[in-house]
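One structure below.
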Amino acid sequence: MGLKEYPKFSVAMSTYKNDDPEQLKVALDSVCTQSLLPNEVYLVVDGPISEELDEVINEYQQKYDFFTVTKFEKNVGRGKVLNNTFENCKYDLIAIMDSDDISAPGRFKKQLDAYLEEPCDVLGGRTIGFVGDLYTTTKVSASNRKLTHEEILKRLPFTSPISHVTALMRREAVLKAGNYLPSHYHEDYYLWARMAHAGCTFRNIPDYLVYVRLGENQARRHGGLKYFKAECDVRKYMLSNKLSTFPQFFKALAIRFVYQIVLPPSVRNWASLKFKRRYITREQADAIINKNIEDDKSFR
């Protein structure tokens with residue numbers, strides 16, 4: 001019995017001037033030490049960066065022959081960076097990776113196995129969120145997602161049903177839906193809505209695929225008029241294209257108006273830390289991390 005043949009795939013990343021060089025190294029290492037390596041890492045440099053960040057990028061370019069680096073002279077923002085990525089990656093399957101997160105051992109093997117078993121246009125999974133050091137912090141949360149296409153579409157009117165940092169996507173499907181468009185922190189949610197309208201298929205797998213760095217004050221920036229307007233635009237699109245009902249539309253916007261406009265940033269941040277994150281114990285986090293390590297060993 002021969003080895004399983006996997007489709008070629010790209011990993012899409014971007015970095016900009018405020019990124020931490022050590023965190024970028026950890027993120028790149030987590031991609032480049034996988035049991036199933038990508039055929040391309042497509043890294044976009046969004047505007048001028050520090051010499052330290054540039055050194056990290058050069059180091060990995062020299063070490064691995066599957067790196068493609070694109071540099072913008074000025075900062076163009078997340079939407080345009082992602083748009084460029086899906087126009088220029090070499091392969092039709094593209095996995096998203098953030099420059100400060102950690103892909104769990106065995107991530108791509110699990111996703112490609114799931115994709116081959118049941119192909120879809122967007123395949124995501126679960127995440128662990130952590131503050132500080134992944135292996136010692138007691139501030140750990142877990143994000144679970146609905147698994148099936150039908151469950152995901154039911155969840156879409158209320159919140160983003162796919163964790164963008166875990167997404168493995170078919171470029172053809174993304175481009176069919178119009179690619180990423182600027183939407184002030186809602187680029188992925190807007191894309192899911194447009195892909196759903198275009199008849200694309202979604203799925204999550206019950207595996208913790210990415211360890212996500214969280215800030216203690218992260219929710220402070222998730223508010224204000226510009227943020228709320230972007231939220232309104234996405235929900236108006238869903239309503240006009242029958243992806244949500246009037247009751248769902250008004251309920252979702254009423255909740256977000258209070259959360260994003262009425263609450264002061266400090267209160268919004270407290271509410272997010274208290275109610276939006278599903279905390280797990282250090283022991284539970286260790287069990288998830290160790291399971292991913294053991295799973296990855298079994299793949300090699």
Side-chain angles (χ1 to χ4, degrees), residues 76-83 85-87 94 96 120-127 143-204 218-265 267-269 271-272 275-278:
V76 298
R78 183 169 179 255
K80 289 184 179 180
V81 164
L82 288 165
N83 187 287
T85 294
F86 275 76
E87 287 181 349
I94 301 172
I96 297 295
C120 59
D121 296 311
V122 182
L123 179 69
R126 296 174 174 175
T127 62
S143 175
N144 295 340
R145 304 279 174 163
K146 299 297 183 183
L147 301 180
T148 68
H149 176 73
E150 292 74 21
E151 290 174 322
I152 287 168
L153 290 188
K154 287 180 181 177
R155 193 69 185 143
L156 184 65
F158 303 103
T159 189
S160 178
I162 302 283
S163 175
H164 186 249
V165 297
T166 69
L168 173 73
M169 292 181 272
R170 290 183 57 246
R171 176 171 59 184
E172 182 181 345
V174 172
L175 296 182
K176 182 176 77 170
N179 207 341
Y180 286 87
L181 297 174
S183 189
H184 193 62
Y185 291 109
H186 289 77
E187 289 87 355
D188 51 335
Y189 196 12
Y190 190 23
L191 177 64
W192 307 151
R194 288 182 286 110
M195 291 184 77
H197 179 58
C200 298
T201 52
F202 300 83
R203 195 154 66 90
N204 284 312
Q218 191 166 331
R220 285 177 177 268
R221 68 175 185 268
H222 292 168
L225 284 174
K226 191 174 180 180
Y227 190 92
F228 182 69
K229 183 184 181 302
E231 183 103 34
C232 288
D233 290 343
V234 175
R235 297 187 182 284
K236 285 176 183 176
Y237 176 88
M238 288 194 284
L239 180 64
S240 64
N241 288 286
K242 297 181 169 51
L243 295 169
S244 70
T245 65
F246 274 106
Q248 290 171 335
F249 172 80
F250 286 115
K251 179 181 179 181
L253 275 191
I255 292 171
R256 279 154 180 77
F257 178 80
V258 172
Y259 181 72
Q260 296 168 8
I261 301 296
V262 175
L263 293 182
V267 178
R268 181 170 63 246
N269 197 69
S272 175
F275 301 111
K276 289 189 71 176
R277 294 184 185 177
R278 186 177 71 86

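Scope of the values below: all heavy atoms of this structure, side chains included, with no hydrogens, waters or symmetry mates.
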For the CG atom of N241 and the CZ atom of R194, what is their distance to the nearest 0.5 Å? 11.0 Å
To check you understand the geometry: which heavy-atom pair defines the closest contact between D121 and M195, and what is its length? CB-CE, 4.2 Å
Decide yes or no for I96 and L82: does some side-chain heavy atom of the first lie under 4.5 Å from some side-chain heavy atom of the second? yes
Step through the shown structure and confirm whether more than 12 heavy atoms of other residues, nucleotides or ligands are within 6.0 Å of NZ on K176. yes
Is there side-chain contact between Y189 and L156, with at least one heavy-atom pair below 4.5 Å? yes
Determine whether K80 and Y180 make a side-chain contact, defined as any pair of heavy atoms from C-beta on separated by less than 4.5 Å. no
Once you round to the nearest 0.5 Å, how far does CG of N179 lie from CD of E187? 11.5 Å
Please set out all donor-acceptor pairs under 3.5 angstrom arising from side-chain atoms of residues 242-251, sequence neighbours excluded.
| from | atom 1 | to | atom 2 | distance (Å) |
| --- | --- | --- | --- | --- |
| T245 | OG1 | Q248 | N | 3.3 |
| T245 | OG1 | Q248 | OE1 | 3.4 |
| Q248 | OE1 | T245 | N | 2.9 |

Side-chain (R170) to main-chain (C120) donor-acceptor, under 3.5 angstrom: no
Listed by chain and number, what are the ring pair (Phe, Tyr, Trp, His ring centres under 6.0 Å) partners of F257, not counting sequence neighbours? F228
Please test R155 against I162 for side chain to side chain contact (heavy atoms under 4.5 Å, CB included), starting from the C-alpha separation and ending with a verdict. CA-CA 10 Å; R155 193 69 185 143; I162 302 283; over 6 Å; no
Hey, does the side chain of N204 reach the backbone of P161 with a donor-acceptor pair shorter than 3.5 angstrom? yes
Are the side chain of R235 and the backbone of F158 linked by a donor-acceptor contact shorter than 3.5 Å? yes
Restricting to non-hydrogen atoms, name the atom on H186 and the atom on A230 that form the minimum distance, rounded to 0.1 Å. ND1-CB, 3.7 Å
For residues C200 and H149, report the shortest heavy-atom separation together with the two atoms involved. O-CE1, 3.3 Å
Examine distances only and state if a side-chain atom of N83 and a backbone atom of G79 form a donor-acceptor pair shorter than 3.5 Å. no
Heavy atoms, side chains only, cut-off 4.5 Å: are H164 and L191 in contact? no
To check you understand the geometry: which heavy-atom pair defines the closest contact between G125 and S163, and what is its length? O-CB, 4.1 Å
State, yes or no, whether a side-chain contact exists between K236 and L253 at a heavy-atom distance under 4.5 Å. no
Nearest 0.5 angstrom please: K146 NZ to L153 CG, how far? 13.5 Å
Any sub-3.5 Å donor-acceptor pair from R145's side-chain atoms to S160's backbone N or O? yes
Within a strict 4.5 Å, meaning less than it, do heavy atoms of the T127 and T166 side chains meet? yes
Straight-line distance of D233 CG to Y190 OH, nearest 0.5 Å: 7.5 Å
